[in-house]
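Every heavy atom of this structure was used, including side-chain atoms; hydrogens, water molecules and symmetry mates were not.
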Number of protein chains: 4
Amino acid sequence: MVQPATPKGRGTRARIMAAAEELFAERGYANVRVADLAAAAGLTAGAFYRYFPDKHELTLELLRELTVEAFEFIRIPLEADSLIDSVTESTHKYFEFYERHRALFGVIVELSQSDAEIAEIWATSRRAFYGRISGALTRGSVAERIRGDLNLDLAAEMLGSMTEFYAFQRFVLRDPAVAGRPLGEASRTLATIWLSGIASASPSAEPRP
Amino acid sequence: MVQPATPKGRGTRARIMAAAEELFAERGYANVRVADLAAAAGLTAGAFYRYFPDKHELTLELLRELTVEAFEFIRIPLEADSLIDSVTESTHKYFEFYERHRALFGVIVELSQSDAEIAEIWATSRRAFYGRISGALTRGSVAERIRGDLNLDLAAEMLGSMTEFYAFQRFVLRDPAVAGRPLGEASRTLATIWLSGIASASPSAEPRP
Amino acid sequence: MVQPATPKGRGTRARIMAAAEELFAERGYANVRVADLAAAAGLTAGAFYRYFPDKHELTLELLRELTVEAFEFIRIPLEADSLIDSVTESTHKYFEFYERHRALFGVIVELSQSDAEIAEIWATSRRAFYGRISGALTRGSVAERIRGDLNLDLAAEMLGSMTEFYAFQRFVLRDPAVAGRPLGEASRTLATIWLSGIASASPSAEPRP
Amino acid sequence: MVQPATPKGRGTRARIMAAAEELFAERGYANVRVADLAAAAGLTAGAFYRYFPDKHELTLELLRELTVEAFEFIRIPLEADSLIDSVTESTHKYFEFYERHRALFGVIVELSQSDAEIAEIWATSRRAFYGRISGALTRGSVAERIRGDLNLDLAAEMLGSMTEFYAFQRFVLRDPAVAGRPLGEASRTLATIWLSGIASASPSAEPRP
DNA sequence: GATGAATGAGCATTCATTCAT
DNA sequence: CATGAATGAATGCTCATTCAT
């Protein structure tokens, strides 16, 4: 079940993964059969097992790829001198990333309650995101502009929650009431609220007009 | 499939519903069989069908009850003169409500991607929550203390998102990194960040110390 | 499971039997549940078993009554001196009898292939009918008017078959192509064809050896 | 659920159909489970569904084949110049056909009361048979030899009824009292009675000795 | 006599997975 | 590498039947 030897085999494997992402997005994980995945990749069900030991392992494989990309994301620092722009842009990029992989985020949400392994992957990734944010808040010049009565870890969790759920609603649930707005406005509003919310009262913490 | 005629029957029906909430919380919707539900209520599988046509209908019944309670919740107004306390308390109560029914919120999240009916129930309820918040923001004395550069509907969606996902993480996923904190702190921090985040820059909008 | 003691009980039992005949006619035996029978008699399923040990026994009970009536029928002799009228009338009466109990004839047909007991009841009754006919043919003045090249038992079976299947088509299957005709025409045509068919070519020629 | 791709698959499908015909003949439709059919074809129950969506559809498939054969049958004309031989032979062939497919005729009879689709198939086929007969009676030289007081459609229905029920009794119910006779005698007697029965009184209408 | 509750066996159907070709 | 066939375990659901009240 290692990487296929021939280029053709590698192509087939990639097609299965692409088909999975597509079908999961359309119908959710539980409503996709191995036979559907295989058919969407131009195969019969039996052939699927030449590439993945089972549906669950294929899913983990997809999530592993997703995680790699997510962690690259996390490595991008938040710029202290123009925090509002930096957070806005970072949020915006995250939204785009989320949208691109909405199928997988959907799968994560669908399965985390019953699949400990997936729950763990998600938890790890969330913690990394939160850590990145709270890290930025405690470093250098930023720290002094933040109100003293807040638990920064908690504040980071709140930002993360707001971001993640807004994205879920918009890209996975595709709630039209939410999805109708320009995405840029959402990113900026989110960043604005949160940054203003954690800033100390002095005018210097105000976001730029 | 109507209401049971005898007290015994009503008790059995209630036991099935209670068992469902318990088992859904433990294992998630997909991993609970009709036979499990029946057994947890002290019955054989066949008897289940005297009370509900199938697992899905039982779930809708539970969600209907949940919705009723949620809408009572929404009717409680946010007090304009002590917004921070009012939002804190309201958030806190919502967290308690969410925890009490964490199984059902988990089911909603698990199924919304594949079950249009449940997705609709959730969307309706979310919209009502958001409307309640944005309604409070546009009324009377509150309105003038809010920064002018925000879309209030969007701001309301952000508060709702933050609240809902924080609760989901804490009560459904039971992420220990999040669940360890005093709940009161979470409620207050959430309310504080958001209210400060939407307030206009004048000192009068600042939360009380 | 004997006859109920009270008049009320006897009434209930009769109602169940009437309901069975009605429901069997509507939907066929296999599509009628014990609960349906009970409900149609104004009872719950449990109460059914106070009157009959099971659905099969109820059916046999109905068929026993039918058989009694059928045998009374068979006892009526065919009049030799006006055979055509006699056969016509007898056929007509049989058609009326069949229509009145079309539900039970339907049940007999539906179950005879898989229920040996019912098959036996039917076979016995058919034999009696055929015997009555062939008996009439071999008696006295009739015999000499019948062609000599026929097996009379076989001729009797043919008459019986024609009668029974025509009735089945018309009253059980309710084939509109068949049911549209005046019943009297059918009775007379059937009798005419058959009697002419078995008659010797001229009154004097070819008496039976 | 299309035609199987390999010879092995086609063989399996054919084996299921053969097994069905055999088991239906033995026990009747209602007493045959999908698992029985599969087992009789050397399969597990699950494999059945690769070939047919359910037992009912398999049955319709069998009946479709039967209908095709029946309609070939109907196309054979009845020869006017030796009507008695022609009808005898035709009847005889029909009996052989009926015997060969006695299982399916049994299923038709068992299900027609509760299955409208099957009832319709049967009705159509009966009408075709009757039409063939009455058609022969109204054509050319035959017409003038038939008594004027008969409704020919009705006469055709009578012949059909006699034929069908005699066959049913003999080949499906396997009534020993009926089945003991030489089949040739039955065919000839049936044809003789009916043809003599519908003939006008002139000697020319008499069947040949 | 009747009810409503509960049982338990029976059966259909789905689907991940294996395997010979 | 891929197919088509087959397995077998799960699981949902129905319904005749029993029983306490």
Could you encode protein contacts along nucleotides 12-21 of chain F as a string, one character per nucleotide from 5' to 3', using B for base contact, S for sugar-phosphate-only contact and - for no contact, with a heavy-atom cut-off of under 4.0 Å? SBBSSBB---
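The distance from atom CZ of C:Arg15 to atom C1' of E:dG1 is 11 Å, rounded to the nearest whole Å. For A:Lys8 and F:dC1, the NZ to P distance is 8 Å, given to the nearest whole Å. Between the CZ atom of A:Arg10 and the C1' atom of F:dC1 there is a distance of 14 Å, given to the nearest Å. Here the P atom of nucleotide E:dG10 and the CG atom of D:Asn31 are 14 Å apart, to the nearest Å. Taking atom CG on C:Leu37 and atom C1' on E:dA2, their separation rounds to 17 Å, with Å as the unit. E:dA2 atom C1' lies 16 Å from atom CZ of C:Phe52, rounded to whole Å. Computed from coordinates, the B:Arg13 CZ to E:dA6 C1' distance equals 17 Å when rounded to whole Å. Rounded to whole Å, atom C1' of E:dA6 lies 11 Å from atom CD1 of B:Ile16.
Screening residues 23-37 of chain D for salt bridge (charged side-chain N to carboxylate O under 4.0 Å, His left out) gives D:Arg27-D:Asp36 as the qualifying pairs, with residues at least two apart or on separate chains.
Under the 3.5 Å distance criterion, the side-chain polar atoms of A:Ser125 are left unmatched by any main-chain donor or acceptor of A:Ile121. Under a 3.5 Å cut-off, the side chain of C:Glu110 and the backbone N or O of C:Gly28 do not form any donor-acceptor pair.
No donor-acceptor contact under 3.5 angstrom links the side chains of A:Arg64 and A:Thr67, judged on distance only.
In terms of position on DNA chain E, the residue among C:Gly9 and B:Pro7 whose nearest nucleotide sits closer to the 5' end is C:Gly9.
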Using Watson-Crick and G-U wobble pairs with both distances under 3.5 Å, what is the 5'-to-3' dot-bracket string of DNA chain E, with [ ] for crossing pairs and | for pairs outside the strand? .||||||||||||||||||||
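Comparing atom distances between the C:Leu43 side chain and each of E:dT3, F:dA6, E:dA5 picks out E:dT3 as nearest. Closest to the side chain of D:Thr12, from the set F:dA6, F:dA2, E:dA6, is F:dA6.
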Go through the steps to decide whether D:His101 and D:Glu69 satisfy the test side chain to side chain donor-acceptor pair (under 3.5 Å), and finish with yes or no. CA-CA 11 Å; D:His101 293 297; D:Glu69 204 179 333; 3.1 Å; yes
Are B:Val34 and B:Tyr49 close enough, and set up right, to give a side chain to side chain contact (heavy atoms under 4.5 Å, CB included), and what steps lead you there? CA-CA 9 Å; B:Val34 169; B:Tyr49 295 93; 3.7 Å; yes
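Under a cutoff of 6.0 Å and an axis angle of 45°, A:Lys55 and A:Tyr29 form a cation-pi pair.
As judged by a 4.0 angstrom heavy-atom cut-off over every strand, B:Thr6 is placed among residues touching the sugar-phosphate backbone only.
The residue from B:Val172, B:Leu66, B:Asp115 that alone fulfils the side-chain contact (heavy atoms from CB on, under 4.5 Å) condition with B:Ile108 is B:Leu66.
No more than 12 heavy atoms of other residues, nucleotides or ligands shown are found within 6.0 angstrom of CD on D:Glu22.
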